[in-house]
2 protein chains.
Amino acid sequence: MPQRVTHETAECPVARAVDVIGDRWSLLIVRDAFDGITRFSEFQRNLGLAKNILSSRLRELVAHGILEIVPGADGSAYHEYALTERGRDLFVILVSLRQWGEEHLFEPAEQHSVLLDTHHNKPLRKLEPTDTTGRVVTPSEAFVQKVSD
Amino acid sequence: MPQRVTHETAECPVARAVDVIGDRWSLLIVRDAFDGITRFSEFQRNLGLAKNILSSRLRELVAHGILEIVPGADGSAYHEYALTERGRDLFVILVSLRQWGEEHLFEPAEQHSVLLDTHHNKPLRKLEPTDTTGRVVTPSEAFVQKVSD
């Protein structure tokens with residue numbers, strides 16, 4: 001198993017972000033949570049994931065404040081998992097992953113699920129990085145500045 | 001080691017995307033490539049990653065058409081790694097990870113690197129999912145439609 005190096009003290013926000021959610025299963029659990037899944041058994045059925053791994057990923061997501069444990073909506077003894085505000089803010093990352101996947105990982109004739117907005121029933125606009133004036137920024141027009149003390 | 005389940009045949013573009021890049025190291029390698037790193041030794045030094053793991057991740061990124069091997073720019077025998085078009089299209093995902101990290105994973109007084117555009121030297125705008133009219137779409141205003149045959 002690859003060594004797990006933590007980037008919790010990294011100055012790079014990308015490094016910290018991937019440390020928290022840069023794991024296949026964590027991202028798919030979050031995706032399912034956006035799709036309305038709340039219960040352990042539902043995540044398990046949908047992801048086809050071993051219980052111990054699902055359990056550990058859910059625990060990590062709760063520890064990182066992305067999911068929180070809430071009482072079952074039906075008043076039963078089963079608790080549920082709900083996205084926190086920090087978790088809901090991952091929406092744009094899921095959308096960017098989805099759009100990249102749609103564009104690059106499907107053959108033209110291949111079926112794939114689509115994300116629509118409830119008001120128009122149409123696919124969302126393609127996300128694009130923009131500058132303060134709204135102009136699209138390409139990778140070569142952006143640079144990282146390391147902030148020093 | 002968690003079982004590796006492939007989502008290559010999944011209908012969900014998010015699942016396919018995380019299958020290809022949903023790995024801490026792969027995302028950080030791509031980040032470094034955007035920062036201008038091209039050589040094995042530079043990736044290794046910057047990421048502090050074991051050679052065999054770096055080697056395997058680079059091989060996967062090349063196999064998935066995200067990086068390509070190109071001759072050394074200085075005419076030396078060392079080859080280099082360059083982002084393909086598919087790889088460059090990951091820019092928006094890196095920006096979304098960075099913005100989420102900036103917002104949620106740093107204390108107010110904590111230093112972090114920033115991504116600026118070369119024209120204004122200012123941070124990029126916050127990425128937000130929008131509908132066809134340009135209105136911001138919240139998670140509850142979006143739904144996944146499974147496409148059936």
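Just so it is clear, the values below take in all heavy atoms, side chains as well, and ignore hydrogens, waters and symmetry mates. Proteins get letters first, then strands, A, B, ... in listed order; numbering begins at 1 in each.
Two residues are said to be in side-chain contact when any heavy atoms from C-beta on lie closer than 4.5 Å; B:Leu27 and A:Val14 fail this criterion.
Pairing each heavy atom of B:Ala15 with each of A:Arg31, the nearest pair is CB-NH1, 3.7 Å. Of all heavy-atom pairs spanning B:Thr118 and A:Ser140, the tightest one is CG2-O, 4.2 Å. Looking at every heavy atom in both residues, A:Leu115 comes nearest to B:Ala142 through CD1-CB, 4.0 Å.
Only the side chain of B:Val95 comes within contact range of chain A, with at least one heavy atom under 4.5 Å from a heavy atom of that chain. Contact annotation for B:Leu90: both backbone and side-chain heavy atoms come within less than 4.5 Å of a heavy atom of chain A. For chain A, no part of B:Ser26 is nearby; none of its heavy atoms comes within less than 4.5 Å. Both the backbone and the side chain of B:Glu102 come within less than 4.5 Å of a heavy atom of chain A. Interface remark: B:Gln99 contributes no atoms to any contact with chain A (heavy atom separation under 4.5 Å). Interface residue A:Phe106: backbone and side-chain heavy atoms are both found under 4.5 Å from chain B.
Linking Ile, Leu, Val, Met, Phe, Trp and Tyr residues whenever their side-chain heavy atoms come within less than 4.5 Å places A:Ile37 and A:Ile69 in a single cluster. At a threshold of 4.5 Å between side-chain heavy atoms, the hydrophobic network of Ile, Leu, Val, Met, Phe, Trp and Tyr places B:Tyr78 and B:Val62 in two separate groups. Residues B:Val70 and B:Leu83 do not share a hydrophobic cluster, defined by chaining ILVMFWY side chains whose heavy atoms lie under 4.5 Å apart.
Contact count against chain A (heavy-atom pairs under 4.5 Å) is highest for B:Gln145 among B:Arg135, B:Glu85, B:Glu103, B:Gln145. Contact count versus chain A (heavy atoms, under 4.5 Å) is highest, among B:Leu127, B:Val114, B:Leu124, for B:Val114. In terms of heavy-atom pairs under 4.5 Å with chain A, the best-connected choice from B:Pro139, B:Gly22, B:Ala17 is B:Pro139. Residue with the most contacts toward chain B among A:Gly101, A:Gly36, A:Ser96: A:Ser96 (heavy-atom pairs, distance under 4.5 Å). With respect to chain A, the highest number of heavy-atom pairs below 4.5 Å among B:Asp89, B:Val137, B:Thr138, B:Ile21 belongs to B:Asp89. Comparing A:Val92, A:Val144, A:Leu116, A:Asn52 by how many heavy-atom pairs each has under 4.5 Å with chain B, the most go to A:Leu116.
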* To do: Under the side-chain contact (heavy atoms from CB on, under 4.5 Å) rule, what do B:Thr133 and A:His119 come out as? Steps first, then yes or no, please.
  => CA-CA 10 Å; B:Thr133 70; A:His119 297 285; over 6 Å; no

* Kindly indicate, with the supporting measurements, whether the criterion side-chain contact (heavy atoms from CB on, under 4.5 Å) is fulfilled by B:Glu141 and A:Asp117. => CA-CA 6 Å; B:Glu141 291 169 324; A:Asp117 83 274; 5.6 Å; no

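Counting only distance, with no hydrogens or angles, the side chain of B:Arg86 and the backbone of A:His104 share a donor-acceptor pair below 3.5 Å. In terms of modelled atom types and a separation under 3.5 Å, the side chain of B:Arg24 and the main chain of A:Asp19 share a donor-acceptor contact.
Here the CG-CZ distance, from B:Asn121 to A:Phe143, works out to 4.0 Å after rounding to the nearest 0.5 Å. Here the NE2-CG distance, from B:His120 to A:Asp131, works out to 5.0 Å after rounding to the nearest 0.5 Å. One distance of note links CG of B:Asp35 with SG of A:Cys12; it measures 7.5 Å at 0.5 Å rounding.
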